[in-house]
2 protein chains.
Amino acid sequence: MTESRAISAIERPLTTVDVVIFTVRGGQLQVLLVQRPDGPGEPFPGAWALPGGFVDVRLDDSLEDCARRKLLDKTGVSSPYLEQLGSWGGKSRDPRGWSATHAYFALLPFESVQLKPEDGKTGKTAQWHPVNALPPGQPLAFDHAEILQTALERLRSKVEYTSLPAFLLPEPFTLPQLQKMYEIVLGRPVDKSGFRTRALAAGFLVESGAMEVGSPRPAMGYRLKDRGAAVYFPRTFSPRSS
Amino acid sequence: MTESRAISAIERPLTTVDVVIFTVRGGQLQVLLVQRPDGPGEPFPGAWALPGGFVDVRLDDSLEDCARRKLLDKTGVSSPYLEQLGSWGGKSRDPRGWSATHAYFALLPFESVQLKPEDGKTGKTAQWHPVNALPPGQPLAFDHAEILQTALERLRSKVEYTSLPAFLLPEPFTLPQLQKMYEIVLGRPVDKSGFRTRALAAGFLVESGAMEVGSPRPAMGYRLKDRGAAVYFPRTFSPRSS
DNA sequence: CGAATAGTGTCTTTCAGACATTATGCC
DNA sequence: GGCATAATGTCTGAAAGACACTATTCG
């Protein structure tokens with residue numbers, strides 16, 4: 001049994017955290033990617049990858065702390081929507097050895113991001129890429145394509161029945177703007193009337209006064225009642241509320 | 001940057017896998033727990049814990065392999081429903097150092113389990129415990145209470161709109177038996193008519209001939225069309241199918 | 001025949017989808 | 001007034017919840 005061996009004798013896998021950071025820019029869902037460094041011994045040199053890296057047992061009190069640190073480092077955003085996605089681990093995903101990564105996914109408004117023009121030391125650059133138009137002919141490093149795919153599926157699935165897209169907008173926002181976020185993520189139009197009814201009934205919005213938004217008629221502005229958590233819309237198999 | 005340090009110099013967290021194994025026995029949802037060993041340096045000696053342990057980089061090709069190995073070891077079951085639950089990691093969850101665990105949850109029919117009467121070497125015993133009546137006054141080891149809680153929430157939530165409870169039954173089973181599984185997990189009665197309609201419409205069942213089941217009238221037996229995956233019932237915000 | 005369980009039918013309410021209509025502000 | 005967008009109203013069909021009813025087997 002593993003437990004009966006001395007702790008120090010146990011061979012420990014490499015432990016990393018990767019973050020799938022989504023935003024919407026120019027009407028498209030985009031993901032933040034960084035380029036792998038070129039140094040000796042570096043795996044996948046020059047390839048695009050999800051931002052992430054080793055857990056630093058001195059800096060990070062927890063996995064989520066680690067994810068937040070990497071997110072802050074790359075985007076300057078300190079409190080986006082952040083959710084654990086899952087973990088991927090095995091002997092062959094990293095040429096340097098048995099490794100396990102803890103993947104998170106984050107949503108943030110494009111306007112809140114301050115990308116560093118260039119990461120001085122390593123020359124690595126972070127860039128937004130439309131999820132439907134990743135750099136062609138250049139597969140992502142490690143198993144990051146699979147992780148990104150899972151993140152996309154999770155996002156699209158949850159958008160069907162949660163308030164997640166609200167975290168893609170700066171506050172305050174209007175209902176038509178929010179509807180657009182849903183449409184962009186889902187990749188299909190959403191009926192206005194039904195959308196409004198459901199969004200308002202879900203009770204995650206608070207009015208914050210009318211907004212000028214560049215269109216003829218001003219619209220009501222809204223804020224999230226609780227930026228800390230997403231709201232789930234009612235599901236099936238549940239007893240009717242009222 | 002962590003990446004610029006030599007790989008060998010990076011302090012690696014302990015890496016474990018834990019499995020929350022559910023079954024239904026005696027009309028109750030139960031979870032399999034093991035007792036922590038008593039040896040020197042062992043954390044939480046004697047406490048109940050989720051089955052799990054260190055990843056063995058020699059034995060395990062992947063995290064899921066590791067979970068399956070532990071599951072087979074404890075229950076003798078080789079292909080239950082198995083799903084990743086999430087990961088928990090931090091500096092203080094294990095007194096032996098910074099550690100990260102990858103948690104899985106499994107569903108299996110009670111009848112398929114062969115618990116070893118006792119694990120010879122360590123004297124550890126595995127036992128079923130009703131989730132509503134864990135050993136009183138004895139908190140679970142590590143953060144396993146939190147992991148179990150998360151597993152329960154995930155299970156109860158998914159039961160609302162998936163075929164998960166079917167994995168708690170040996171095949172073939174009848175619709176009334178399946179309905180009972182839903183009711184046990186959800187903790188409330190479910191309407192027979194509606195249940196039958198939805199379950200059959202979801203299309204994850206295949207008829208397999210009538211069964212004697214100890215009740216006056218025989219019932220139709222069913223098997224799962226695909227034991228490899230759960231089926232999701234239709235959700236909201238989606239275009240009508242027909 | 002009665003008891004017990006399996007399985008079906010019916011009614012009603014809710015609600016999402018589709019689409020039409022009204023409201024408001026700017027040119 | 002005309003236009004563009006915001007917001008609301010109306011109709012319909014699908015489906016879930018509730019509950020009544022029929023069917024089959026055993027004693």
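Naming convention: chains lettered A, B, ... in sequence-line order (proteins, then strands); numbering from 1 in each chain.
In this model, a side-chain donor or acceptor of Arg217(A) finds a partner on the base of dA23(C) within 3.5 Å. A donor N or O paired with an acceptor N or O is found under 3.5 Å between the base of dG9(D) and the side-chain atoms of Ser193(A).
dA23(D) atom C1' lies 14 Å from atom CE of Met220(B), rounded to whole Å. To the nearest angstrom, C1' of dT5(C) lies 17 Å from CG of Leu178(B). Here dG17(C) presents its P atom at 7 Å from CZ of Arg198(A), a figure rounded to the nearest Å. Atom P of nucleotide dA15(D) and atom CZ of Phe233(B) are separated by 14 Å, given to the nearest angstrom.
The backbone N or O of Val185(A) lies less than 3.5 Å from a partner atom in the side chain of Arg156(A), making a donor-acceptor pair. Of the possible polar contacts, none joining the Gln138(A) side chain to the Trp48(A) backbone as a donor-acceptor pair under 3.5 Å is found. When atom types are taken as modelled, the side chain of Ser163(A) and the backbone of Val231(A) share a donor-acceptor pair closer than 3.5 angstrom.
Both Ser215(B) and Asp191(B) lie close to DNA chain D; mapped to their nearest nucleotides by heavy-atom distance, the more 5′-ward contact belongs to Asp191(B).
The side chain of Ala219(A) lies closest to dA7(D), out of dA4(D), dA7(D), dA16(D). With distances taken from any side-chain atom of Lys192(A) to the nucleotides dA4(C), dG25(C), dA6(D), the minimum falls on dA6(D). Candidate nucleotides dC26(C), dA6(C), dA6(D) were compared by shortest atom distance to the side chain of Val213(B), and dA6(C) ranks first.
In this model, the phosphate group of dA6(D) is not approached by any side-chain N or O of Arg196(A) to a distance below 4.0 Å at OP1 or OP2.
Closest non-hydrogen pair, Gln127(B) versus His129(B), comes out as O-CD2, 3.2 Å.
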